[in-house]
Structure formats: structure tokens, C-alpha cells
Amino acid sequence: MARLELGRLGVAFAGPVVLASGPVGFGLELASVGDMGRLGALTTKTITRLPRAGNPAPRLADAPAGTLNSVGLTNPGLEAFRERILPKLQDLGTRIIVSFAAADEEEAGWIAQELGRTEGIDALELNLSCPNVEGTRPALEAGMTFRWVRACTDQTLPLLAKLSPDSQDIVGVAEAALRGGAAGLTVGNTIQGTRIDWNTGLPVFARVFGGLSGPALLPVALAKVFALRAALPGVPIVGTGGVTSLGAMLEMAMAGADLVGVGTGAMVDPDLPWRLTAELETWLVGREIARYETIISCAHRGGLAVVHGT
Amino acid sequence: MNVRAERHEAAPTAGSLFLWRQARVIRVEGAGGYAVVEIAVASPLSPPEPGQFVMVRLPGGPVLPRPISVLSGDGAMLSFLIKIDGEVRRRLGTARAGQPLEVRGPYGRSYASVLAPDRRYFLVGGGSGIAPLCFLQQRRPDLVSHAVLGVRNGAVRALLPGVQLIAEDERDGTASARALRFLAEEEGVLACGPKGMLDALVHPLRGRAGVYFVIEERMACGIGACQGCSVLGAAGALCVCRDGPAFPLEELAWPA
Ligand SMILES: Cc1cc2nc3c(=O)[nH]c(=O)nc-3n(C[C@H](O)[C@H](O)[C@H](O)COP(=O)(O)OP(=O)(O)OC[C@H]3O[C@@H](n4cnc5c(N)ncnc54)[C@H](O)[C@@H]3O)c2cc1C
Ligand SMILES: Cc1cc2nc3c(=O)[nH]c(=O)nc-3n(C[C@H](O)[C@H](O)[C@H](O)COP(=O)(O)O)c2cc1C
Ligand code: FES
């Protein structure tokens with residue numbers, strides 16, 4: 001599988017497919033679907049310092065070509081994660097990216113340090129962009145993003161900042177994250193959406209707003225990844241949003257994503273990450289492209305014609 | 001499609017529980033706002049147990065698959081009782097033979113694995129919630145003492161020959177009222193139906209041992225991963241797809 005391998009963030013990934021944080025929980029259910037060692041990485045469900053029950057039901061709604069969720073960071077908390085879950089993840093044979101969130105930057109920094117001295121973690125992902133919890137999303141604003149990331153980089157693991165496609169100036173926010181010490185960017189989280197129950201005339205979700213994911217999000221995520229890649233050549237990007245097919249994965253890579261996150265696609269179709277990996281390999285072989293890595297960002301450099309020329 | 005030949009395929013492996021299977025509608029019979037839909041699954045699922053459900057999606061349908069209880073079947077052939085209401089159920093409940101669909105599963109804990117084994121159960125069902133209870137009656141009559149299965153429209157009887165149904169439009173009253181009237185001290189209760197039916201049962205049955213409610217919630221993964229189906233219980237979040245859909249009443253918070 002050397003064709004798919006790539007090194008980013010100081011970590012060697014077996015391939016570009018990364019399980020995005022949340023839709024597949026801690027990935028343990030998926031472990032019996034296929035060999036996790038063939039995937040690039042597993043990003044855990046976002047963990048918080050203390051356990052969180054999450055939001056009231058209903059937590060899911062349909063969207064045209066997508067889904068809305070209002071899960072609200074349901075997780076067992078840092079201690080239970082470290083003691084009960086992380087040891088099981090180590091047996092999966094893939095790279096482990098631990099996603100975390102906090103109430104404020106101080107707490108975020110504390111969690112980052114705790115995780116930083118825990119064995120068996122390859123990278124951290126700071127979730128600055130969950131639309132389903134109380135408080136503002138730090139990723140909407142460059143100043144906050146800088147302070148939160150800065151607070152989390154007094155430890156040795158590479159840190160991905162998870163951004164929001166909802167932010168007005170995502171390039172400015174990304175630059176702030178990099179100034180704060182982020183090693184890379186995950187682009188991005190769900191975007192805010194809602195549905196109204198026409199029988200009651202009330203919002204479907206108790207918190208009114210949920211997060212839109214799935215195919216409907218693809219063009220939005222591609223635009224953000226493209227803009228960030230244009231502004232920030234060389235910064236590792238995990239492109240996430242609406243990838244449910246080989247074509248979408250290729251687009252994401254060509255727009256500028258080094259690694260490609262798959263969330264909703266794997267949630268509704270648990271076998272998808274493995275199919276995408278196999279289909280990508282076949283596609284590259286068919287095109288006589290020796291390494292996946294060479295197609296990354298090719299939309300910025302003259303397209304596949306240039307890839308073949310190299 | 002040669003169903004008999006397909007039944008001889010190798011037994012499904014653990015991982016295959018998660019794979020979407022191609023299936024086709026074999027037969028649809030509708031009456032009274034419901035339909036029994038029989039499907040043939042190309043590469044069979046593990047045989048479902050009463051209380052389990054499968055995730056269903058239709059070509060061109062919504063991204064979120066729908067959980068549907070098994071009414072009967074063995075994994076190669078399955079039948080469902082579908083309430084003709086909403087996008088997917090309407091398409092499925094009015095489909096023609098040959099309509100393609102996909103299924104994965106079966107998921108959820110079987111009733112037999114959840115119910116306390118020391119007693120027999122009074123089944124209370126309403127609407128499409130009668131489907132898994134019919135399956136239990138058929139497969140595990142030893143667990144069942146009585147059953148009151150209610151529908152709005154008596155025409156539904158034509159769909160379920162051999163099953164005794166009460167019908168609100170024939171002045172039979174509601175399943176919950178009738179169950180509360182006839183329930184004996186030593187019987188357990190297993191209730192599956194619309195929220196209004198469960199609401200009517202909660203107060204009279206609170207504090208009684210051996211009472212189980214089947215909870216419906218929207219689902220995405222069906223396998224306990226996404227936390228989309230979680231409901232707040234008496235002592236924290238309950239994952240309906242993995243730990244349910246049947247729960248002891250004392251674990252549930254009400255109003256849910
Ligand atoms: C474990 C389990 C087993 C189940 N088994 C069965 C079964 O055997 N048979 C069965 O028929 N059902 C069953 N269900 C219920 C079924 O899965 C759900 O009702 C599912 O949502 C149906 O999908 P749908 O696309 O048909 O309807 P949906 O489109 O989800 O609509 C459901 C209802 O909501 C209404 N609705 C949709 N959007 C809105 C809106 N914006 N405002 C107001 N109303 C709206 C629809 O008109 C409809 O009445 C089960 C559920 C669970 C959890
Ligand atoms: C049910 C669900 C739960 C999610 N939980 C989290 C989470 O805990 N942390 C996080 O950073 N993102 C979470 N996300 C967002 C995803 O990681 C991803 O960024 C987003 O869904 C877009 O990708 P997709 O279209 O492939 O799903 C969640 C998404 C869904 C649908
Ligand atoms: S539907 Fe995903 S956890 Fe139940």
C-alpha cells in the first residue's frame with residue numbers, strides 16, 4: 001500500500017482516509033468491519049474533562065442530501081476515556097487522534113497537557129467549532145482561536161485545530177491557529193442548521209440549531225479547503241465535510257486536503273472508509289499515479305496534467 | 001431471484017453485520033393505513049430475533065437510514081409491518097414487487113435477552129409497534145401470557161391472519177386501557193407502541209416489577225457509535241439502538 005502512504009504532522013499515515021470525530025464514536029464498533037490498520041487514522045469522539053450526557057432527544061433530523069445532528073458532545077469524560085477506551089484503541093493498529101473540547105482556554109490547556117503525557121496518542125485535535133454546545137465557538141473568531149490554541153501547545157503532541165466553515169474569515173482564523181502553535185488544520189466541523197416541526201410550529205431540536213453534515217456540506221468544505229490551501233501552502237489539512245464517494249475524496253485532496261475526513265458517510269455506511277481506500281488505490285493504479293501524495297492540491301498547480309508530467 | 005439458492009450461502013461473519021445488503025420487495029399488501037412488506041435479501045443477514053430491527057434505505061431516499069422492526073423472517077426473507085406515513089415508509093408501504101432497497105442488521109437486543117426470565121409477559125402493542133410483539137408471540141410463545149394489540153382501523157386484520165387485534169374504530173377501546181383492566185399480579189408487561197399509549201401506561205405501572213417499554217428514537221448508525229439515538233434515562237443517557245430498544249421501566253425517565 002506504499003502508494004497511499006504519507007507522512008504529515010510528524011506521523012506516518014497508511015492512507016488518507018481519517019475517521020472524523022464523532023459520527024463513529026470511538027471507532028470500536030467499526031473495528032469488526034475491516035482492518036483499521038489500512039485507514040489513515042481514527043479521530044475519537046470529542047472528550048471533555050468531565051462526562052457529558054449531551055442534548056435531549058431528538059438529536060437527528062433529515063436534511064436534503066444530508067443530516068442535522070444535535071448530539072452535544074456526549075462522552076464519558078477524560079478519566080474514563082484514558083482508563084477504559086484508549087487501551088482498546090491501541091489494539092486497533094491505526095493512528096489515534098484524540099479530539100477534545102473545553103469550557104474555556106484554561107481547561108483546554110489542562111486537558112491538552114494531560115493528554116500530552118498519555119501514551120499511545122499520535123496527535124490531538126482541538127474542537128473549537130462544535131455548534132451543539134453552550135457558549136460561542138472559538139473558531140468563529142481569530143483572537144479566541146489564537147488564545148485557545150496557544151493554551152494547548154505546551155505539550156509535545158502535534159495539535160490540529162478544528163475550524164468551522166461558519167466562520168466569516170476562515171483564513172484569518174487559520175492563521176491565528178498557526179500563530180498559536182497548531183501543527184495543522186481540520187476543515188471542518190458541521191455548519192449550523194435547523195428544522196421546524198410543522199405540526200407544532202416549534203424547532204425540532206431543543207437547542208434549536210444543529211449541525212449540517214453529509215453530501216450537502218461537500219461544496220462548502222471544498223471551498224474552505226481550497227481557500228486555505230491557496231493562502232497557506234505547506235500546512236497539513238484534514239479536509240472533512242460531505243465525503244461519501246471516491247469522487248468526493250479525490251476532489252477534497254485536489255482542493256488541498258492532505259488527509260480526508262469521513263464522518264456521516266461512515267456513520268450510515270460503516271464499510272465506506274475501507275471501500276474508499278480500496279477504490280482510491282484502484283483509481284491511482286488505473287491512472288498510473290505512483291503515489292497518492294502527488295495529487296494533493298493539484299487543483300492549485302495545473303491539475304492532473306501536471307501530476308502526470310512530474 | 002432464486003431465494004432458495006441464496007439461503008445456502010455461507011453464514012454471515014461478524015463484520016458483515018455492518019454491510020448494506022441489496023434486497024428486493026417481494027410482496028406488499030396494504031390495508032387500513034398499514035402494509036405488510038415482504039423482502040428478499042440477496043446475501044442473507046444473520047437470523048433476526050424478536051425485538052431486533054434492521055436499518056433500511058431506499059435508492060434516492062434520505063441520507064439517514066430508518067430503523068424498522070422485523071415482523072417475521074429468517075435473514076434471507078424478512079417481513080415488516082409498515083405504517084404508511086412519512087417519506088421512507090410511504091414509499092416502502094406502497095412499493096411494487098421488485099422495488100430495490102438496502103438493509104443492514106439485525107440490531108438491538110432481542111426481547112428474550114432483555115426480559116427477566118422468571119415470568120411471562122402481557123404484551124401491549126399499538127400501531128406499527130405490534131410488529132415485533134407478533135414476532136415474539138410466534139417465536140417465543142413460552143414468554144407470553146396475553147397480548148392486546150391495538151390498531152386504529154380494523155381493516156388491518158386482513159394483513160395479519162391469525163393475530164388477534166383490537167380496533168378503535170370498532171369501539172374496542174385502546175390497547176392500554178384494556179391491558180390495565182386484565183393485567184394480573186404475576187404477569188410482566190412488554191409494551192411497544194406510540195408515545196400516547198406508553199404515556200397511558202406509565203403511571204399505573206410505575207413501581208411494578210417486570211415492566212418493559214420499547215422506545216423509538218431516530219437513528220443514524222444503529223450500532224451504538226454515533227449517540228444520535230440516545231435518550232435521557234433515569235440515571236443518564238440510554239443508547240436505544242445498542243442497549244434497547246426495550247428497557248425496564250425503572251431505567252426510563254418519564255415524560256421522556
Ligand atoms: C427500533 C425501531 C423500530 C421501528 N419499527 C418500525 C416498524 O416496524 N414499522 C414502522 O412503520 N415504523 C417503525 N419505526 C419508526 C420509523 O423508523 C420512523 O418513524 C421513521 O422516522 C420513519 O421514516 P419515514 O421516512 O417513513 O418518516 P419520516 O420522514 O421520518 O417522518 C416521520 C413522521 O414525521 C413527520 N414529519 C417529517 N418531517 C416533519 C416536519 N418537519 N414537521 C412535522 N412532521 C414531520 C412525517 O410526516 C411522519 O409523520 C421504528 C422505529 C424504531 C426506533
Ligand atoms: C452525529 C455526529 C456527531 C459529531 N460529533 C462530533 C464531535 O464530537 N466532535 C467534532 O469535532 N465533530 C463532530 N462531528 C462533526 C464531524 O466530525 C464532521 O466534522 C462533520 O460531520 C462533517 O463531515 P461529514 O460530512 O463527513 O460528516 C459530528 C458529526 C455528526 C454527524
Ligand atoms: S443510532 Fe447511532 S448510537 Fe444509536
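Remember, predicted model here, so these are calculated numbers, not experimental data. Lettering follows sequence order; numbering is per chain, from 1.
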(message) Within this structure, what is the CG-CG distance for the pair B/Leu64 and A/Asp62, rounded to the nearest 0.5 Å?
(response) 5.0 Å

Closest-packed option against chain B by number of heavy-atom pairs under 4.5 Å, given [options]:
options: A/Gly54, A/Ser70, A/Gly66; answer: A/Gly66
options: A/Gly265, A/Pro64, A/Ala61; answer: A/Ala61
options: A/Leu60, A/Asp271, A/Thr244, A/Leu28; answer: A/Leu60

Less than 3.5 Å apart, which donor and acceptor atoms pair up between the side chains of residues 226-237 of chain B and the rest of the protein, not counting sequence neighbours?
from, atom 1, to, atom 2, distance (Å)
B/Ser230, OG, A/Arg59, NH1, 3.2

(request) List the atom of A/Ala57, the atom of B/Glu217, and the distance in Å for their closest heavy-atom pair. (result) CB-OE1, 3.4 Å

(message) Minimum heavy-atom separation for B/Arg104 and A/Met267, please, with both atom names.
(response)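 Of all heavy-atom pairs spanning B/Arg104 and A/Met267, the closest is NH2-O, 3.7 Å.
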
(request) Below 4.5 Å from any heavy atom of chain B, which atoms of A/Val71 appear? Answer side chain, backbone, both or neither. (result) side chain

(request) Pick one of side chain, backbone, both or neither for A/Pro58, based on which atoms fall under 4.5 Å of a heavy atom in chain B. (result)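 Both backbone and side chain.
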
(request) Could you pull out all residues at least two apart from B/Pro245 that satisfy side-chain contact (heavy atoms from CB on, under 4.5 Å)? (result) B/Phe53, B/Val214, B/Val240

(message) With a 4.5 Å cut-off on side-chain heavy atoms, are B/Phe18 and A/Leu30 touching?
(response) no

(message) Do A/Val204 and B/Arg218 make a side-chain contact, defined as non-hydrogen atoms from C-beta onward lying under 4.5 Å apart?
(response)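 Answer yes - side chains close enough.
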
(request) Keeping the roles fixed (side chain from B/Trp20, backbone from A/Pro270), state whether a donor-acceptor pair exists under 3.5 Å. (result) no

(request) Taking atom CZ of B/Arg152 as the centre, report whether more than 12 heavy atoms of other residues, nucleotides or ligands fall under 6.0 Å from it. (result)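 Atom CZ in B/Arg152 is not packed in, count stays at 12 or less.
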
(message) Is it true that, when you exclude B/Arg208 itself, more than 12 heavy atoms of the residues, nucleotides or ligands shown sit nearer than 6.0 Å to its CZ?
(response)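 More than 12 heavy atoms, drawn from other residues, nucleotides or ligands, come within 6.0 Å of this atom.
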
(request) With a 4.5 angstrom heavy-atom cut-off, could you sort out which part of B/Met219 is near chain A: side chain, backbone, both or neither? (result)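 The backbone, not the side chain.
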
